[in-house]
J.: 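Here it is, the structure in full.
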Amino acid sequence: MEEQHSGNRIEQKTLKVTVYCGAATGKDPKYADWADRLGKWIADSRGELVFGAGGVGLMGIVAKSVLKHGGSAHGIIPQALAERERPYEGLTTVEVVHDMDERKRRMMELGDVYIAFPGGPGTVEEITEAFSWARIGLTSKPCVFFNLDGYWDPIRTMYQRMVDNGFLNQGSFDKLLFANSFDEIIPWARQYVPPTVRTYTRTQ
């Protein structure tokens, strides 16, 4: 069943889920365990994974789980990385792009919802760019932080500090979902309305 967009809302469909996560597995086994659960949830929801195509770390675990449970996985990888490391074998599709900027753009274009799973600086960069683009009207897709055991609490605190100091408005901040379970994500995404596009006041 294909998804249609009515206004700003995502109507009935299986979502294409863009996942940002670590190229490492982390020190605690819980991250690998929950990455496997994430992949199963995507497949069981008849969703499709969009990710960076890598076979290492949490990225590889999510992709393996999606495919193992009968789902589709679409990888986007820049040429330089494709030459150094092969994309995860068995992906539904693999798209080789020019550079990292194009990779991020394509992952945003293809996905219906963006999920930041625990990861490092690259994960933070990707979900932050997606949120920033939403604020200036370059994407209308929802951003989710999967807040496993409070992993993303420092980010939430930093965003609140931005609000408190006048660098981010509360309405935009409220458009982010810090999810504690997978069950929250699809209902929230289907009702999502993008933030009001940011306007600027010229200083004198």
Side-chain angles (χ1 to χ4, degrees), residues 1-5 10-25 31-32 35-134 136-146 182 185-186 189 192 194:
M1 177 167 52
E2 291 301 318
E3 179 170 288
Q4 302 294 324
H5 292 263
I10 299 172
E11 302 297 339
Q12 292 278 61
K13 162 203 163 180
T14 301
L15 299 181
K16 285 187 172 66
V17 182
T18 293
V19 173
Y20 307 121
C21 62
T25 57
Y31 297 120
D36 182 73
R37 296 188 198 190
L38 172 60
K40 184 178 186 301
W41 169 75
I42 291 171
D44 287 351
S45 302
R46 294 184 298 168
E48 299 181 22
L49 171 66
V50 177
F51 80 121
V56 299
L58 299 183
M59 285 193 299
I61 293 172
V62 175
K64 179 180 179 180
S65 181
V66 168
L67 295 169
K68 179 177 69 176
H69 292 98
S72 299
H74 307 281
I76 315 295
I77 190 168
Q79 183 67 46
L81 290 184
E83 292 171 357
R84 292 196 336 232
E85 58 178 271
R86 296 181 63 184
Y88 187 87
E89 292 187 4
L91 295 179
T92 310
T93 63
V94 176
E95 184 176 340
V96 179
V97 296
H98 181 67
D99 54 25
M100 291 293 288
D101 286 340
E102 187 177 1
R103 177 203 226 180
K104 290 186 290 183
R105 179 178 58 79
R106 287 294 292 148
M107 289 174 66
M108 281 193 270
E109 288 174 348
L110 293 174
D112 296 307
V113 58
Y114 314 134
I115 298 179
F117 203 73
T123 303
V124 174
E125 176 196 10
E126 289 169 320
I127 193 66
T128 300
E129 184 168 290
F131 179 46
S132 296
W133 281 28
I136 58 176
L138 297 182
T139 181
S140 61
K141 318 290 182 57
C143 296
V144 178
F145 290 86
F146 190 74
F182 299 132
I185 297 172
I186 291 179
Y192 175 80

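Reckoned from all heavy atoms, side chains included, excluding hydrogens, waters and symmetry mates.
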J.: Report yes if the side chains of V19 and I42 come closer than 4.5 Å at any heavy-atom pair, otherwise no.
T.: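 Result yes, sub-4.5 Å side-chain heavy-atom pair found.
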J.: Got Y88 and L67 here, is their nearest side-chain heavy-atom distance under 4.5 Å?
T.: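 Yes, at least one pair of side-chain atoms sits under 4.5 Å.
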J.: Name all residues meeting the salt bridge (Lys or Arg N to Asp or Glu O under 4.0 Å) criterion together with E89; count only those two or more places apart in sequence or in a different chain, and write none if there are none.
T.: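 In terms of salt bridge (Lys or Arg N to Asp or Glu O under 4.0 Å), with neighbours along the sequence ignored, E89 is linked to R86.
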J.: Does a side-chain heavy-atom distance below 4.5 Å link T25 with Y31?
T.: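 Side-chain contact under 4.5 Å: no.
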J.: Testing L58, I77, T18, L91 one by one against F51 for a side chain to side chain contact (heavy atoms under 4.5 Å, CB included), which residue passes?
T.: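 Filter result, single survivor: L91.
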J.: Under a 4.0 Å N-O cut-off, is there an ion pair linking E102 with R106?
T.: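 Result for this pair is no, no salt bridge flagged.
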J.: Mind telling me whether F146 and F117 have parallel, tilted or perpendicular rings, with 30° and 60° as the class edges?
T.: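 Judged by the thresholds at 30° and 60°, the geometry between F117 and F146 is parallel.
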J.: Shortest non-hydrogen contact from S72 to V66?
T.: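 Nearest pair, atom of S72 first, then V66: O-CG1, 3.4 Å.
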J.: Less than 4.5 Å apart, side chain to side chain, heavy atoms only: is that true for D36 and K68?
T.: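 Yes - at least one pair of side-chain heavy atoms lies under 4.5 Å apart.
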J.: Would the distance check show the side chain of S65 and the main-chain N or O of K40 forming a donor-acceptor pair, the cut-off being under 3.5 Å?
T.: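 The answer is yes, because a donor-acceptor pair under 3.5 Å joins these two groups.
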J.: Which atom names give the shortest non-hydrogen contact between T93 and H74, and what distance separates them?
T.: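 Here T93 and H74 meet closest at OG1-ND1, 2.6 Å.
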J.: Are any of the side-chain heavy atoms of I185 and F182 separated by less than 4.5 Å?
T.: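 Side-chain contact under 4.5 Å: yes.
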J.: Quick one: CE on M107 to CD on E126, what's the gap to the nearest 0.5 Å?
T.: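 Answer for the CE-CD pair, M107 versus E126, is 5.0 Å.
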J.: In Å and rounded to the nearest 0.5 Å, what is the CG to CZ distance from D44 to R37?
T.: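 Rounded to the nearest 0.5 Å, the CG-CZ separation comes out at 13.0 Å.
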J.: Looking at side-chain heavy atoms only, is the closest gap between K141 and M108 below 4.5 Å?
T.: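 No; the side chains remain at least 4.5 Å from each other.
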J.: Does the side chain of I186 reach to within under 4.5 Å of the side chain of W41, using non-hydrogen atoms?
T.: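 Yes. Closest side-chain heavy atoms under 4.5 Å.
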